[in-house]
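Encoded as structure tokens, the structure appears first; notes follow it.
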2 protein chains.
Amino acid sequence: MTSSNPVTSPIDPGAGAASERIAAQLRTAILAGEIAPGERIRQEDVAERLGTSRLPVREALRILEAEGLTEHTANKGARVPRLDAAELDVLYRMRERLEPLALIQSMPHLTAGEIRELESIHERIAADADLREFMVLDRAFHLGSYAGCASEQLSSSVTRLWNATQPYRRAFMSLGGQHRRWIVDHEHRLILDAIERRDPEDAERYLAGHIRRTRIELAAHPELFGATAARRT
Amino acid sequence: MTSSNPVTSPIDPGAGAASERIAAQLRTAILAGEIAPGERIRQEDVAERLGTSRLPVREALRILEAEGLTEHTANKGARVPRLDAAELDVLYRMRERLEPLALIQSMPHLTAGEIRELESIHERIAADADLREFMVLDRAFHLGSYAGCASEQLSSSVTRLWNATQPYRRAFMSLGGQHRRWIVDHEHRLILDAIERRDPEDAERYLAGHIRRTRIELAAHPELFGATAARRT
DNA sequence: GGGGTTGTTATTGGATCCAATCACTGCCAG
DNA sequence: CTGGCAGTGATTGGATCCAATAACAACCCC
């Protein structure tokens with residue numbers, strides 16, 4: 001209680017509407033893997049933990065549903081979707097087609113500063129070895145390269161795809177050793193070079209290849225499904 | 001009032017949860033063009049007209065937002081998104097890449113009965129001249145051809161694209177004469193033949209061409225934007 | 001002893017009331 | 001006459017209470 005009390009929450013983190021702050025909190029938790037696929041999210045738990053009523057939680061869950069982070073069934077509540085191998089395969093094929101389009105649309109409008117930022121992220125990925133940090137930087141690199149894409153629809157679609165696949169991408173990257181990271185790093189380098197040369201064809205080719213390779217490797221690891229989270233039905 | 005009273009609503013159309021019935025009502029209205037792009041949707045109006053409280057309306061609007069039919073801003077409410085020429089162009093490029101994928105995924109699983117149904121829809125499109133009916137049948141034809149697609153994510157993405165572009169597709173089809181309809185009819189024939197031959201390459205080619213041609217023609221009609229609906233900012 | 005059934009409990013869905021925010025109009029000063 | 005400002009009305013956002021549904025468990029009858 002007292003979430004609306006300005007005294008008890010003087011810092012006011014997130015500032016904006018309450019339902020969106022809750023959505024942001026849950027989004028971070030899900031993307032960080034703190035809530036596993038298949039795990040149920042009870043409205044009252046969240047409401048109590050964040051010191052608010054259940055109502056904005058309901059709205060937050062609907063917002064997250066729109067972003068592909070939760071799924072909702074009537075009278076049964078929300079849960080983080082669990083994917084099977086076939087669904088993940090299709091999601092990667094969607095990425096393979098949509099993200100090159102996003103990059104093509106974005107590239108002409110990327111500023112020099114934004115490209116420098118990509119370069120910085122790329123260097124930090126190579127330097128830092130922590131998986132959690134890698135997940136954040138990898139996402140920042142790709143989505144950052146689409147920053148110049150003016151289309152709201154395309155941006156949100158791509159984000160949805162990243163959201164939905166995130167848990168499995170993490171499980172996949174946690175499998176192998178450094179080897180896997182080197183390959184990713186090399187492919188990012190190729191994409192970044194093409195961006196700096198302002199060469200859309202090459203950028204599209206390398207990006208599509210990057211995603212396609214990952215999809216094929218994922219298909220070789222059926223143990224990712226069911227192993228990620230096993231909390232009943 | 002009395003929406004939950006089983007006596008006053010014995011037929012119980014839609015059966016399911018109330019917020020989803022409301023969403024269905026609004027969805028139909030928007031797709032039918034009864035609510036124009038840019039037009040605002042006030043919660044209380046809808047609540048009153050459907051004899052319910054504002055709360056399920058809020059949820060319904062969030063559901064529709066997830067489907068790309070409305071957009072929502074804090075403290076300002078929901079409205080049907082209005083697109084500019086650039087955004088529509090990108091949406092069609094997205095369709096051009098995603099829908100062939102959906103068709104490829106769907107084709108192997110289409111039953112003979114489903115293909116007969118597509119044939120039936122195709123004939124009805126050719127026979128019937130009414131624009132409203134055409135919009136329904138055209139949508140049924142395309143989305144029906146993706147019925148075998150098992151991926152929930154891909155299906156909903158494609159549906160979102162159809163939702164977002166629907167008002168402009170209607171405005172476009174209302175422009176020309178029979179000429180435009182003949183071309184669409186012919187292209188549908190090519191796609192359907194490829195489906196019946198179970199030829200994924202041809203199907204993908206014809207479908208992509210169908211969408212691409214429409215995109216290019218749309219680009220030649222800048223008068224579609226702003227003409228569709230003009231209810232202030 | 002097993003299967004169907006019924007009662008109980010936990011959880012979500014909906015209605016009403018209250019608070020906060022935003023847009024708009026009219027006013028006043030420059 | 002025009003720009004800024006304050007007050008007011010309209011509209012959305014949130015909290016609390018109540019109803020409905022579904023999972024679960026104990027029970028009874030066969």
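- Contacts of B:Arg97 classified as salt bridge (Lys or Arg N to Asp or Glu O under 4.0 Å), with partners at least two apart in sequence or in another chain: A:Glu204.
- Distances were taken from every side-chain heavy atom of A:Arg42 (C-beta onward) to each of C:dG14, C:dT11, C:dG13; the shortest belongs to C:dT11.
- Nearest heavy atoms, A:Ala85 versus A:Phe225: CA-CZ, 3.5 Å.
- Regarding A:Leu61, its CG atom lies at a distance of 14 Å from the P atom of D:dG14, rounded to whole Å.
- In this structure, B:His72 atom NE2 and C:dC22 atom P are separated by 13 Å, rounded to whole Å.
- The nearest whole Å value for the distance from the CD atom in A:Glu59 to the P atom in C:dG13 is 13 Å.
- Taking atom CD of residue A:Glu48 and atom C1' of nucleotide C:dA10, one finds them 14 Å apart after rounding to whole Å.
- The nucleotide whose nearest atom lies closest to any side-chain atom of B:Arg58 is, among D:dG13, C:dG14, C:dT12, D:dG13.
- Nearest to the side chain of A:Asn75, among C:dT16, D:dT11, C:dT12, sits C:dT12.
- Taking atom CD1 of B:Ile63 as the reference point, atom P of C:dG13 lies 10 Å away to the nearest angstrom.
- Rounded to whole Å, atom C1' of C:dG14 lies 12 Å from atom CZ of B:Arg21.
- One finds a side-chain N or O of A:Thr52 lying less than 4.0 angstrom from the OP1 or OP2 phosphate oxygen of D:dA15.
- Along DNA chain C, the nucleotide closest to A:Ala78 and the one closest to A:Leu55 are compared, and the more 5′ of them pairs with A:Ala78.
- In this structure, B:Arg169 forms no cation-pi arrangement with B:Phe172, as its terminal cationic atom is not both closer than 6.0 Å to the ring centre and no more than 45° off the ring axis.
- Spacing between atom NZ of B:Lys76 and atom P of D:dG13 amounts to 12 Å, rounded to whole angstrom units.
- Base engagement by A:Arg54 is indicated by at least one non-hydrogen atom pair under 4.0 Å involving a base atom.
- Every salt bridge (Lys or Arg N to Asp or Glu O under 4.0 Å) that A:Arg180 has, sequence neighbours left out, goes to A:Glu217.
- Considering only the side chain of B:Gln43, D:dG13 comes nearest among C:dT12, D:dT16, D:dG13.
- With rounding to whole Å, A:Ile41 atom CD1 is found 15 Å from C:dT11 atom P.
- Between A:Arg62 and A:Glu59 there is no salt bridge, since no side-chain nitrogen of the basic residue lies less than 4.0 Å from a carboxylate oxygen of the acidic one.
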